Amino acid sequence: MGSKAGIQPKHAGKLRLQLFALDNASQPTDLNAPGWKLHRLAGELKDHWAVSVSGNWRLTFKFEGENAVLVDYQDYH
């Protein structure tokens, strides 16, 4: 099942689903699911993308080729 250390317990289910989708994605737009609010980031994270987990919490990532890298769970607002 994996450790839930470092995340809000109420986000575990959605994060599990998003990480599964990200692991199977070959490009950012593969994460464009209803309610996930896929968007490209700007500023220091300009090459990164994000999907909404809950409130200000996002799953952020960058693609290199067909692989997601620099995956993070953060409140970047």
Side-chain angles (χ1 to χ4, degrees):
M1 177 83 38
S3 172
K4 295 180 185 122
I7 68 168
Q8 292 191 23
K10 64 184 177 183
H11 296 167
K14 190 168 188 181
L15 277 169
R16 186 178 302 113
L17 180 62
Q18 289 175 329
L19 289 169
F20 177 81
L22 187 59
D23 189 46
N24 289 286
S26 59
Q27 59 188 349
T29 55
D30 291 343
L31 278 285
N32 196 18
W36 287 10
K37 303 175 187 170
L38 174 70
H39 58 284
R40 185 185 299 260
L41 301 179
E44 292 180 22
L45 297 174
K46 68 177 180 156
D47 295 326
H48 293 74
W49 292 77
V51 290
S52 176
V53 177
S54 180
N56 286 342
W57 288 93
R58 304 289 183 267
L59 179 67
T60 62
F61 53 91
K62 177 180 177 178
F63 265 80
E64 288 183 357
E66 294 186 356
N67 298 304
V69 297
L70 303 175
V71 178
D72 200 358
Y73 162 74
Q74 60 183 314
D75 178 351
Y76 66 81
H77 288 98

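What you see below is based on every heavy atom in this structure, not just the backbone, and it leaves out hydrogens, waters and symmetry mates. Keep in mind that this is a model prediction, so the values were computed, not measured.
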Legend entry - Nearest-0.5 Å distance, CG of residue Asp72 to NZ of residue Lys62: 14.0 Å
Inset, instruction - I would like to know whether Asn24 and Asp30 meet side chain to side chain contact (heavy atoms under 4.5 Å, CB included); could you show each step before the answer? - result: CA-CA 9 Å; Asn24 289 286; Asp30 291 343; over 6 Å; no
Inset, instruction - Drop me the distance from Thr60's OG1 to His39's NE2, to the nearest 0.5 angstrom. - result: 9.5 Å
Inset, instruction - Looking only at non-hydrogen atoms, find the nearest pair between Asp75 and Asn56 and report the distance. - result: OD1-CB, 3.1 Å
Inset, instruction - Could you label the plane-to-plane angle of the Tyr73 and His11 rings as parallel, tilted or perpendicular, counting under 30° as parallel and over 60° as perpendicular? - result: perpendicular
Inset, instruction - Could you tell me the separation between the CG atom of Leu45 and the CD atom of Gln74, rounded to the nearest 0.5 Å? - result: 6.5 Å
Legend entry - Over all atoms of both residues, closest heavy-atom pair of His48 and Leu70: NE2-CD1, 3.7 Å
Inset, instruction - Please report the shortest heavy-atom distance between Gly35 and Lys14, naming the atom on each side. - result: O-NZ, 4.0 Å
Inset, instruction - Taking all non-hydrogen atoms of both residues into account, name the closest pair between Leu38 and Leu31 and its distance. - result: CB-O, 4.0 Å
Inset, instruction - Could you pull out the closest heavy-atom pair between Ser52 and Gln18, with the gap in Å? - result: O-NE2, 2.9 Å
Legend entry - Check against side chain to side chain contact (heavy atoms under 4.5 Å, CB included), Leu22 and Trp49: CA-CA 11 Å; Leu22 187 59; Trp49 292 77; over 6 Å; no
